[in-house]
Each structure stands twice: as C-alpha cells, then as structure tokens.
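Since the structure comes first, as structure tokens, the remarks are kept for the end.
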2 protein chains.
Amino acid sequence: MPRRSAIEVASSRAETLAAAVQLASVVGLEGLTIGRLADRLGMSKSGLVGRFGSKEQLQLATLEQAADIFRRTVYEPASAAPAGLARLNAICDAWVAYLARPPFLGGCFLTTAMVEFDARPGPVNNAVKKVMRRWLAVLEREASTAIDNGELPADTDPKDVAFTINALAVGTNCDFQLNRNPGSLQRARRAMTAVLGR
Amino acid sequence: MPRRSAIEVASSRAETLAAAVQLASVVGLEGLTIGRLADRLGMSKSGLVGRFGSKEQLQLATLEQAADIFRRTVYEPASAAPAGLARLNAICDAWVAYLARPPFLGGCFLTTAMVEFDARPGPVNNAVKKVMRRWLAVLEREASTAIDNGELPADTDPKDVAFTINALAVGTNCDFQLNRNPGSLQRARRAMTAVLGR
DNA sequence: CCTACCGATCGGTAGG
DNA sequence: CCTACCGATCGGTAGG
C-alpha cells in the first residue's frame, strides 16, 4: 500500500472541511462533534482527531473555511464594480443573494458562530472577531471612498455605514432563518438602500 | 414534615426559572442541561425533572420567563409615552438601555434562542416564533399610529419600520455581545432615529 | 488511518 | 424530593 500523496492528503482535508462546514451550519460549531463528523465521513473518530488535533482546531479550520466562502460569495465579486457607492450596492446585492440561496444548508455560518461564541473567550472567539473585523473594514473602506467621491454626504461617518449595513445583515439573517419569508430580504435591501441613499 | 404550601411551590418554581434564565443566557437553551441547573440549585436531576417533566418543557418555561422580562423591560414601560412616534422612540431608548445593562448575564436571550432554534422545528422553535411575532406586532402597531398621526410619511409601510428596527436590534446585539463596544449602541440608536426620522 | 477503551456527562427512569 | 442506575454520546488517548 503506497502512502497518500500530498495532493490526496490535501483534497481529503478539503473534503473533510466541506463536510464540516455543511454540518456546522446546521448544528453550530459546538454541535460539530468529532463523532458526528467522523460518522458522516465514514471514518473513525481517532482518524479525524489525527487530522485536526482537537475539536477546537477543527472548529477553527471550519470557521476559516466558512469565512473564505463568505468572502468569495459576498464581497470579492463586488470588486468588479467601481469602488465606492456602486461597490457597496453590489455587496448588498450579493449579500441578499447569499441569504436567499446560501452555500451552507443552515444559513449564515458567521452569524451562528458569532452568537455561539460571543460569551466564550478563547481562540474561536478571537477568530470570529477577526473575521467580522475584516468584513466591517471592507464596508468601511467602500463607504469612505463613496464619501470621497461625493456619493455620500461629506458628514457621513463611514463606520456608521459599515456598522448599520452589517447590523441589518445579521438581524435579517436571524429573521429570515426563523421565518423563511422572502419578503424579509426585500425589506432588508430597501433598508440598506435607505442607509446608502440619504 | 408538612408538605410545601402552594405558595412555597410557586416561589420555588420561580427561583428555579430565574436561575434557568441566567444560566441559559450564557450557555444557550441547549446548554441549559438538567444536570447543570440541578447542580446550581443544589438539588438532584430527578427533582428537576419532576418539576418540569423534560428538558424541552424546561426550555419552554425558561423562554417564556425570558420573554416576560423582555416585555417588561423593553416595551411595556414605553406605553407611558403617547402612542405613535414618541412611543417608538421610547421603545428604542428602552431597548438600548436593555442592551447596555441586560437583565441576563449573557446578553439578549431571545437573539440566542432564535439563532439556536431557527433550523430545528419543534415546540421551542414555535415558541420563539410566537415571541418574535408579538414583539414585531408591537412595533408595527406603533408605526401605524405614527403614520395616522402624520409623524411618519403617509407612504411608509409599517411592516418595513417594524422589520428594520428589529433587524437593527438583533444585529446590534450580536455585534455588541462580541465586541463590547459601547459606541455600537450609539450607532444603533442613530440608525433607528434615521429609520424613524426620514 | 484503525480498534479498543477512558472518565465525564447527557436525558431520563425505577423505585421509594 | 432523593439515590441508584440505564444506554448513548462526549472529547480524547493508547497502542498498533
């Protein structure tokens, strides 16, 4: 029996993480137990521990993977739009589309992780904070550009714009996951327009 | 040994629920295990099961208790203000105060419960939906009155107002619990003012 | 990567 | 309300 090549190992790690993201989006990062994930992958618990080291390491890797998907889905494609207001609107559109047809079964992974770990200091809490800071920084930078472009009033606080867009996004995700009312997405988009369109 | 009087039983149930709300606000409704709560109350697991019947019944009773506290803290005192815009602003003020100095250790209980149970159909999910509907109905009714009073533009959709205020509240709670930045509360209040002040 | 196993905890029952 | 106990699952280790 030859040992697995580096590529096979990497792809098996990627497959493991893909399954982990799907599972955790439904049951949360705490519900992502070694036993359940091992079962779903048809492997033993100790095999999984061997790959990640501990449940916490698995949680961190899964969160990182989910953050990558969020970035690629919500705010990276928007860089095709001109910086400033147009790009902010592209981000809001992508975000609504992301929520309407989420790449994870259980809705926005980051919102769940944020709520799960907001009161539990530790590496996962720190990682969630970092992901959220990066996302808010993107919003804030585009808001700044929009102000420089004269697309938003000169006295606008870019941090206010970023904060409000994100709060609407997170709050809407919660409402939408609970009630599954597509009208919520339209309301949210209108509210974002109001923030960007004063 | 005389049996406990009805009053003693009731007060002991109330004390149990008070402890349950505090515990669940930190560890979530799923983390509210029979063993942990029994430990904290200095009683046996089976004694606790005897009081509530099952973990799910305990979760339902705890949620109801938390919803009562939310109601009494956030939107009942606002009925002292005149119906319409003034009352909406009183509710927003009370909500910011509630978040700044929450009656539960772990921040807004309802947000946590909403995220925890949004993907798990069952009695707890239904109860969370009911609580949220009641809260949104309060916001919507005051928005309608504000429109009738001419305090909001005639073409305002009261459902939009209720949705947006709630989304800001939930999203802000998540951000605030994670980052503990008091400035977030001021930003949120300003965003609510913008919704109510166009 | 596996089997076999560890002590802890889960929700809950039996019996009093 | 208690003690004693049930089978399942938790994160993880030992040993190969």
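The chains referred to below are lettered A, B, ... by the order of the sequence lines, with proteins before strands, and numbering in each begins at 1.
Between the P atom of C/dC2 and the CG atom of A/L41 lies a distance of 10 Å, rounded to the nearest Å. The interatomic distance linking A/L37 (CG) with D/dT9 (P) rounds to 16 Å, in whole Å. In this structure, CG of A/L23 is placed 10 Å from P of D/dC10, rounded to the nearest angstrom. Counting to the nearest Å, the C1' atom of D/dC10 and the CG atom of A/L58 are 14 Å from each other. Between B/F52 atom CZ and C/dG12 atom P there is a gap of 13 Å when expressed in whole angstrom units. Remark: P of C/dT9 and CG of B/L32 are 17 Å apart, rounded to the nearest angstrom. Rounded to an integer number of Å, the gap from CD1 of B/I34 to C1' of C/dT13 is 12 Å. Note: CG (B/D39) to P (C/dC10) measures 9 Å, nearest angstrom.
A/N89 and A/R189 share a side-chain donor-acceptor pair at under 3.5 Å. In this model, no donor atom of one side chain and acceptor atom of the other lie less than 3.5 Å apart for B/K130 and B/N126.
When both pairing distances are held under 3.5 Å, C/dG15 makes a Watson-Crick or G-U pair with D/dC2.
Residue-environment remark: CD (A/E64) stays at or below the threshold of 12 foreign heavy atoms within 6.0 Å.
The distance from atom OG1 of A/T145 to atom CD of A/E140, rounded to the nearest 0.5 Å, is 10.5 Å.
Across the interface with DNA chain D, nearest-nucleotide mapping of A/R36 and A/V49 shows A/R36 to be the residue nearer the 5′ end.
Hydrophobic clustering of Ile, Leu, Val, Met, Phe, Trp and Tyr side chains at less than 4.5 Å, counting indirect connections, keeps A/V170 apart from B/F163.
Contact of B/S46 with D/dC2 (side chain to base): a donor-acceptor pair of N or O atoms is detected under 3.5 Å. Side-chain atoms of B/K45 come within donor-acceptor range of the base of C/dG11, with a qualifying N/O pair under 3.5 Å.
Nearest nucleotide to the B/K55 side chain, out of D/dG12, C/dG12, D/dT3: C/dG12.
Nucleic acid contact for B/T33: sugar-phosphate only, since backbone atoms but no base atoms lie under 4.0 Å from a heavy atom of the residue.
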